[in-house]
Amino acid sequence: MSYAGYGRPALKSSVDVQLQTAFSDGNWNSVIRLADKRAKSLKDPYYEAIKICAESQLDGVAEKCAVLVAIDELAKQKTVPDIDTLELYEWAAGDFLDEDIDYADTLGPLRVKWAKANPKNTLAVECLQACLDHWDLVSAQQIATALDKAYLGSGDRRYMFWSISLTYLLSVSPQCSDTSRKVYSLLVLKQLERAAAITEDSPKVESTDRGLLNDEEIMLYYRVLLAHGTKEDFLKRIQSPRLGALSQLKEGHKALFWESLGTLESWAEWDLIYDLCLKAFRLGLNGTTPTFFVCDWRVWKSFVAAASKAADPDSALREVQSILKEFLAIDTKGAESIKKNLMLALLEITFRLPITTSGSDVGKKGLTPRVIQIGLFLDQYFERLSAFDDLKDHVADLTFEEAKVFMEDVVPKILDGKPDKPKQVILTSLKCKLQYLLTTCPQTLSHHPSVVDGQKQDKPYRCRFCSHLTSLPCEYCLKQIILEAATTHKQISADKELINAIPRLDKDPRLDLSLVIGTSLLKLSALPPNASGVTPPAMRDTNPGLLLQGIVVLEAQLRETPSDSGIRLLLVQLHLLIGCASYAHQLWVPMDVKRTIQDALSPLFFDRISSISPGLFQGSHPLMEPLRSYYSNSLRDNCPLRIWDAFSAGSYAGILRMSEYDDTLRRSCTLMMTLVEERRATRAFGGKIDTDIEAHQLTASITDGTKFLNKTDYGSFSNLESFHGPPIQDFIRVGPELSDERARLSYVSEQFFDILAFKPPKDYKPAKTNEAAIRDRNYILECLAHQSNSLTNVLHQPKTASLLTSSELSYFTTLSLLSAALLTSISTTRADPAPKSLSLLTASIRSSLTSLRTTYLTTSPLQTSATYFSLSNMHMLAHTRDTAVAVKHAAAFVLALHERELARDRSGKSALHKDVVAEMKALESVASKTLAETKSHVQKLKESLGESGWLDNMLGWVFGEGDETEGEPFRRAVSDILGGTYGAEEWAGKVLESWREGVKGWGMVRWE
Amino acid sequence: MANFRRFRPDDLNKLSKCNLDPLTETYELGFYLQYYAKWPSLFQVAEDQHGNIIGYIMGKLESSPDVYQFSEHYLPWHAHITAVTVAPEARRLGIGKLLTEQLEVAADANNTWFVDLFVRTTNFKAIAFYKSMGYSIFRVVKDYYGDHSSDPTRSSEDAYDMRKPMKRDVKKEHIREDGEKFEVDPSDVW
Ligand SMILES: CC(C)(COP(=O)(O)OP(=O)(O)OC[C@H]1O[C@@H](n2cnc3c(N)ncnc32)[C@H](O)[C@@H]1OP(=O)(O)O)[C@@H](O)C(=O)NCCC(=O)NCCS
């Protein structure tokens, strides 16, 4: 079947020119008239189909639906349908497909019927493709199987693998019933085992055989084996002579070897891993494969891990070491990354061997082979941008004694050996980074009694480097690090020779120094990691001056190196943290996060944005439109994007991966964030929300069991923290990261708001108003019960609270109480006994509203510092407002329903209980009061920000005026590199401007 | 630390180290998936120890449409490098070279005549990179790019079409020594 324009199918060639022309011109009335005539004169039902198809293009609802009836009729018939008619109907039903009629129940089976009857017709493949386009796996699998059968013996292997791939997809798809699942799982495994046996047993597999030939087929086999087979079968096959990992390596296919390492590790099959790796490396050394074919870091790591688990780890590790040395002796021909892998593997081995002190320098307790090896690596690679990341886990793993020797002896010795000035500053900046890293390692602190003379000590540790009493991290060391970094920074800027040399370096060393200074200042400001919800708001416990100064240092650096995304990302998050959303946006935009990378990167700016600054949504461009359209474009069809390409190219392993990727994209936390942020912003300004969230095209595949996935990519953050503690993003993000729990709570909360907005359609006047009213009420009750259950379920999970900010926790908890309260209210009529649980529920609602309100509103914005804290916690203000709005709307919803019932049923029997009415009125008034207070708080913030002296105040903070650290050397050193207050003025102006803009946006929010 | 392997769709969630660099273009999802589906062996990545993608190469196999068979610009069966990029922090470690070598292995396995690519005439680093691996300029495509990478006052930029012969081209028939002198229009290339 060919298609003519706009995907419209071409008519059969036997159709006369007049009708053909009318059809291709889209002249539907003529088509209807002509087709009707031909149908009558020729008695050919095809013309009837043309007529129905043309009618579907008209505006009337009845005409549009005629094609659905026709499809239904066709589906009921036993005969094989006419393929041209099918094509016409499929096109005509277009918009209804998958929405109003299920392809898998109608057109899919019709396509199957036709394809089974005509498997050798080329159109049968198009039938398969059509079913795949609608992701009707049941029909697609049947067609593929029919094709395979029809072409058996023809030598065309494609159909066999299509059939196998589809049987597998079906066996893991929700489209498959549990009983069929077992059958399909067995079937697909058996088919592939048969194919594997052919390959394994025949001397040479021809392209016409039904064995496994290429890597895509073999990978498909292993995927299925893992999913549906036994561990024993996998272990046997992976070592087999033809299909085993090593023989595939010899053929130049690395993927199987690579992926099987992961599987074997999960089963702790260390001996086998050791054996496979050993043989694989030997293949490289003896020239069977390209020398460095498997010299990946991942393989070395597995090899070393397996050696350390061997019966005799010492000799196994020595063997690994000797193989490594053989590789190191070979010239890597410029593949520096390979050589570095080898060096790192050598380092890894040293960390697996028991710690011994080096024989040559017995006097130094910490000078172990581990330290020496790190030193050797450092000496060779310190100029590489990746040096810190390559070493950081190993350095953080050192004992304190080792770390001390490393920092105090080894590093200075390497420094002494580099007379070249640029090299010296590069190494010094790396040293500062390592020093910082060590402040995040608990082994550098020792416990100090937490109670001394009956007094609780706020510094429970003693730093083993500087001997000062401290909490984690050691403040004294941080200050020293800042001092050293700032001094080096200043030195570089003052040295002409260095300044001239910088353009020739991979990176300006001042970038790293600024990073160390900035991060240390953040830590000194006592920013707590945001891994869990913190009440009262964390910002109130931080020192604003140190925090802001840290930001200023990073900001100044970004001006010098605007393309450094590591620092830029930190600054985006930090400005969101202090409530400067519009400025954070200015920092975000140049990164050009667009198209595919949005799913992983957008949360870094957009998560919680509606609660920080709804005003951003009022700009000339819809703020989150690119993100929304990315999802709409990528998920428009039910079938995974480009999957047919993989079928036609024979990328069978690819088919599975593409379908898995599609599944994860549909349940992405970022997708849910996109929908929810936009809706909350729209509601804040009293805008209209077009579609219920449940009816949104992008939530079509979300069910109660869907697990949302957080795929946020923090890979580009400049992160100096060690593995002992949380990464830097956990300190500077506004609350915990995206999670399945938060996505679910947000989704259900939006459903709740949709119910509150539920009104029986205006233009629909049911004949039986009473029945309709009861139906509506039951529908509402059903939804509320479901929402209440879902919210409670998630909120009751032990870890949920730690995945939310305290404001979010109150908000979602109140919504869950509200849904339960509404459920009780609406189901209690005047005739029922007074609902006892209701007053408990409403009391809890009132108290959670009060606690949000008091936590946020108690500080008066008339003091500058209080204004600052308020501005950096608009997130809480937003939730106070949203909670109050929910309470108010919910109460209004119940009262309106009550009024409607009174109007409808004069007997008053179906009206709500008088206690319900009273409780709702009380809730409404508390909510109104909260809203009025919040509104006036925003007004006060605006006034406070309008006062003069703000800039001076901020600069005073940044430079420590009146702070306990004022006058300390580290403060002066930072001030020096910033060039005094002058250097921070521009930034302070931007921040102030951004706060004012944010509050202006809040001024436009509706408080009702 | 680096691993070299074939691309997988979930790598798209780990592209930030490469794609936040202004020199690297980000495409629509369907574009990446099309390459993955059709030419999986020509889509290779390098990843670091945390799974971040620190380099990738995307390529395809093709020849000019048959109707152009007798045109002087007809391209026989060859591999084309659509994109190659290495994260700034991982450059000059041979990662780009290893990725390109992987693609060349696949190009030979598919019996192609040559590997080709387009590069801005001002992208000196990339040109040096390709030349170091044996690629040479085959022709200059005038105004191939609709913008200029370094001069905002200009609305276009030329491309070099660079090539490296593969094993099949025993006689080196598909390369030229003085390619800089051969200028063609964008409409002459596919
Ligand atoms: C071009 C690019 C991919 C090179 O990647 P890479 O991993 O740094 O390159 P390699 O380390 O493999 O370099 C191999 C050889 O190429 C040459 N080369 C690479 N980068 C070079 C540079 N900046 N200047 C001069 N020669 C260079 C060298 O001869 C090098 O060998 P050597 O280091 O032993 O001297 C990388 O710079 C990049 O991603 N650039 C931005 C994106 C881009 O421009 N892509 C090309 C679009 S067509």
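This one's a predicted model, so the numbers in the text were calculated from it and none came from an experiment.
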> Just wondering, are more than 12 heavy atoms of other shown residues or ligands nearer than 6.0 Å to NZ in B:Lys181?
no
> Surrounding OH of B:Tyr68 (heavy atoms of other residues, nucleotides or ligands, distance under 6.0 Å), is the total greater than 12?
no
> Starting at CD of B:Glu89, measure out to CG of A:Asp506 and round the result to the nearest 0.5 Å.
11.0 Å
> Between A:Leu385, A:Asp662, A:Asp296, which residue shows the highest count of heavy-atom pairs closer than 4.5 Å to chain B?
A:Asp296
> Tell me whether B:Glu177 at atom CD has more than 12 heavy atoms from other residues, nucleotides or ligands lying less than 6.0 Å away.
no
> Which atoms of B:Lys38 come close to chain A, meaning under 4.5 Å heavy atom to heavy atom: side chain ones, backbone ones, both, or neither?
both
> So what's closer than 4.5 Å to chain A heavy atoms on B:Glu47: side chain, backbone, both or neither?
side chain
> So, for B:Asn3 and A:Arg298, which heavy atoms are closest and what is the spacing to 0.1 Å?
OD1-N, 2.7 Å
> Contact part of A:Ala653 toward chain B, heavy-atom cut-off under 4.5 Å: side chain, backbone, both or neither?
backbone
> Does the side chain of A:Tyr661 reach to within under 4.5 Å of the side chain of B:Asn13, using non-hydrogen atoms?
yes
> Roughly how far, to the nearest 0.5 Å, is CD of B:Gln102 from CZ of A:Phe293?
6.5 Å
> Counting only heavy atoms closer than 4.5 Å, note whether A:Ala335 contacts chain B via side chain, backbone, both or neither.
both
> Heavy-atom pairs under 4.5 Å with chain A - which of B:Gly30, B:Ala2, B:Gly94 has more of them than the others?
B:Ala2
> With a 4.5 angstrom heavy-atom cut-off, could you sort out which part of B:Pro9 is near chain A: side chain, backbone, both or neither?
both
> Let me know if A:Tyr630 has heavy atoms under 4.5 Å from chain B in its side chain, its backbone, both or neither.
side chain
> Taking all non-hydrogen atoms of both residues into account, name the closest pair between A:Ala646 and B:Ala37 and its distance.
N-CB, 3.5 Å
> Could you tell me which portion of B:Arg92 (side chain, backbone, both or neither) has an atom closer than 4.5 angstrom to a non-hydrogen atom of chain A?
both
> So, do B:Leu98 and A:Phe292 sit near enough that their side-chain heavy atoms are less than 4.5 Å apart?
no
> Under 4.5 Å heavy-atom distance to chain B, tell me which part of A:Ser565 shows up: side chain, backbone, both or neither.
side chain
> Go through A:Leu344, A:Thr712, A:Thr664 and name the one with the most non-hydrogen pairs under 4.5 angstrom from chain B.
A:Leu344
> Chain B: which of A:Asp215, A:Val593, A:Ile655 shares the most heavy-atom pairs with it under 4.5 Å?
A:Asp215
> Show the nearest heavy-atom pair for residues A:Gly715 and B:Lys17, with the distance to one decimal.
O-CE, 2.9 Å
> How long is the gap from CG on B:Asp10 to CG on A:Leu665, to the nearest 0.5 Å?
12.0 Å
> Salt bridge between A:Arg657 and B:Asp11, side-chain N to carboxylate O under 4.0 Å?
no
> Any side-chain heavy atom of A:Ser337 sitting closer than 4.5 Å to one from B:Phe4?
yes
> Side chains of A:Thr596 and B:Phe31: does their closest heavy-atom pair fall under 4.5 Å?
no
> Below 4.0 angstrom, N of the basic side chain to O of the carboxylate: do B:Arg6 and A:Glu216 qualify?
yes
> Run the salt-bridge test on B:Glu25 and A:Arg595 with the 4.0 Å N-O cut-off and return the result as yes or no.
yes
> Please say which of A:Leu601, A:Ile597, A:Asp713 ends up in a side chain to side chain contact (heavy atoms under 4.5 Å, CB included) with B:Asn19.
A:Ile597
> Please flag which part of A:Asp645 lies under 4.5 Å from any non-hydrogen atom of chain B: side chain, backbone, both or neither.
both
> Can you say whether A:Leu569 sits under 4.5 Å from chain B via the side chain, the backbone, both, or neither, judging by heavy atoms?
side chain
> Could you look at A:Lys711 and say if it's the side chain, the backbone, both or neither that has a heavy atom under 4.5 Å from chain B?
both
> Quick one: does A:Asp599's side chain get under 4.5 Å of B:Leu29's, heavy atoms only?
no
> Among A:Arg384, A:Lys340, A:Arg568, A:Met591, single out the residue with the greatest number of heavy-atom pairs under 4.5 Å to chain B.
A:Arg384
> Could you give the distance from CE (A:Met658) to OH (B:Tyr32), rounded to the nearest 0.5 Å?
14.5 Å
> Find the distance between CG (A:Asp390) and CD (B:Gln49) and round it off to the nearest 0.5 Å.
6.0 Å
